[in-house]
Amino acid sequence: MKKIMVTGALGQIGSELTGKLRGLYGAENVLATDLRKPAEGSSAENGPFMQLDVTDGERMHELAKSFGADTLIHMAALLSATAEQKPLLAWNLNMGGLVNALETSRELGLQFFTPSSIGAFGPSTPKHNTPQDTLQRPTTMYGVNKVAGELLCDYYFSKFGVDTRGVRFPGLISYVALPGGGTTDYAVDIYYKALEEGTYTSFIAEGTYMDMMYMPDALQAIVDLMEADPSKLTHRNAFNVTAMSFEPSEIGAAIQKHIPEFRLEYDVDPERQAIAESWPDSIDATAAKEEWGFKARYDLDSMTADMLEKLKAKLGK
Ligand code: SER
């Protein structure tokens with residue numbers, strides 16, 4: 001990776017990934033693009049930025065070409081809960097954007113990354129220690145998009161030789177950018193509310209396990225996979241990666257170690273609860289470890305300590 005174009009660069013992952021890539025490869029070598037304009041003073045402004053609607057394939061191609069990109073990191077997408085509310089928009093944006101990004105990569109010979117998700121699994125998938133290769137019959141539009149995306153990325157590699165790579169991310173937790181419209185968002189909201197109000201009402205029910213990862217580990221995973229020796233990659237586009245699996249009361253207990261008076265309540269949202277229940281409780285990341293040395297550094301306790309410290313500073317608490 002030397003000249004990298006990022007789509008969705010103002011999103012949950014993109015806004016931090018852009019900064020990390022600029023630190024590693026030079027600010028001038030990372031072109032941030034997004035549908036929105038960056039807010040004044042945002043980190044997206046620490047290097048080149050262009051507005052891009054990813055459903056506009058021609059403009060995507062032109063921007064990548066004039067920048068001289070050799071890598072395309074495609075992050076623009078709608079998350080699971082929003083996609084469930086606007087399924088057609090999700091199809092058009094998630095699949096249309098992906099096809100444009102793959103075509104741009106094929107035409108310009110770019111290395112390519114896009115994330116899949118634990119959302120690519122469904123109720124008939126084995127729930128515990130979910131294998132790398134297993135049944136994938138998701139029941140959400142987001143899941144349908146992710147499975148189709150994994151297959152499409154495989155196809156562009158086998159058919160056209162595009163160097164496509166990807167991971168199945170679990171819920172990602174960060175103190176920098178807020179997620180929007182995801183099912184795992186509760187595990188971010190809870191830290192804000194713990195500091196701001198001392199109490200949190202979870203829209204996910206007690207006992208509902210999902211995989212999670214702290215953002216620094218997710219960003220490092222992207223860099224490590226993109227730098228990995230391609231001859232070692234069997235599962236190019238859909239590596240299971242995870243750092244921890246917990247349910248709401250466990251993250252609540254981890255927060256109480258720092259804020260003993262913190263209270264966790266529940267007001268379950270049936271739609272997001274149904275999505276969560278259709279996903280695995282914990283996935284197996286052995287293939288990622290073996291094929292490119294994936295490693296997560298943060299567990300629930302170390303993430304919680306770091307999140308609370310950083311958020312305290314951010315919120316002026
Ligand atoms: N965090 C995502 C979501 O909840 C999962 O990929 O939609």
Side-chain angles (χ1 to χ4, degrees), residues 8 11-17 73-87 89-91 93-95 97-98 113-123 125 127 130 136 138-150 153 166-192 202-205 208-219 221-222 237-248 251 268-283 285 288 296 298 303 307:
Q12 185 200 2
I13 305 174
S15 52
E16 286 181 69
L17 180 64
I73 300 195
H74 178 57
M75 309 303 293
L78 289 189
L79 288 181
S80 58
T82 311
E84 243 4 65
Q85 273 153 20
K86 300 176 185 161
L89 175 67
W91 177 266
L93 178 68
N94 291 356
M95 299 315 299
L98 178 60
F113 176 91
T114 201
S116 184
S117 159
I118 51 170
F121 298 118
T125 303
K127 264 203 162 330
T130 304
Q136 289 181 266
T139 46
T140 62
M141 176 52 90
Y142 181 70
V144 170
N145 296 164
K146 288 302 184 189
V147 175
E150 290 179 5
C153 290
V167 297
R168 292 183 186 128
F169 274 135
L172 298 181
I173 293 163
S174 165
Y175 58 90
V176 180
L178 282 169
T183 302
T184 55
D185 296 10
Y186 91 88
V188 180
D189 300 342
I190 195 171
Y191 289 108
Y192 280 83
S202 174
F203 58 80
I204 294 294
T208 311
Y209 281 85
M210 285 184 277
D211 284 279
M212 304 278 175
M213 193 188 289
Y214 200 30
M215 190 61 85
D217 283 332
L219 303 181
I222 295 173
N237 294 302
F239 284 100
N240 284 1
V241 290
T242 184
M244 61 196 97
S245 166
F246 57 74
E247 53 87 32
I251 187 172
V268 174
D269 168 18
E271 194 156 76
R272 285 178 286 185
Q273 180 63 24
I275 297 175
E277 282 174 18
S278 78
W279 292 353
D281 287 357
S282 63
I283 62 172
Y298 287 88
M303 174 179 78
M307 267 301 274

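Remember, it's 1-based here, ligands and their atoms both numbered in the order they're listed. Keep in mind the model is a prediction, meaning the values are calculated, not measured.
- Checking Y298, Y191, F169 one by one against Y214, the ring-ring contact (aromatic ring centres under 6.0 Å, His included) holds for a single residue, Y298.
- The side-chain hydrogen bond (donor to acceptor under 3.5 Å, both in side chains) check on T242 picks up D211, with sequence neighbours excluded.
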Present, as a list of atom pairs with distances to 0.1 Å, all nitrogen or oxygen contacts under 3.5 Å between ligand 1 and the protein.
unit_1   : atom_1 : unit_2 : atom_2 : d
ligand 1 : 1 (N)  : T184   : OG1    : 2.8
ligand 1 : 4 (O)  : S80    : OG     : 3.4
ligand 1 : 4 (O)  : T183   : N      : 2.6
ligand 1 : 4 (O)  : T184   : N      : 3.1
ligand 1 : 4 (O)  : T184   : OG1    : 3.3
ligand 1 : 6 (O)  : S117   : OG     : 2.6
ligand 1 : 6 (O)  : Y142   : OH     : 2.8
ligand 1 : 7 (O)  : S80    : N      : 3.1
ligand 1 : 7 (O)  : S80    : OG     : 2.6

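- Sorted by first and then second residue, the salt bridge (Lys or Arg N to Asp or Glu O under 4.0 Å) pairs with a member in residues 168-191 read E150-R168; sequence neighbours excluded.
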Please tabulate, one pair per line, all N/O donor-acceptor pairs under 3.5 Å involving side-chain atoms of residues 74-85, not counting sequence neighbours.
unit_1 : atom_1 : unit_2 : atom_2 : d
H74    : ND1    : T7     : OG1    : 2.8
S80    : OG     : T183   : N      : 3.3
S80    : OG     : T183   : OG1    : 2.7
E84    : OE1    : M141   : N      : 2.9

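- When only modelled atom types and interatomic distance are considered, T208 and Q273 share a side-chain donor-acceptor pair under 3.5 Å.
- Ring planes of Y186 and F203: perpendicular class, angle over 60° (limits at 30 and 60°).
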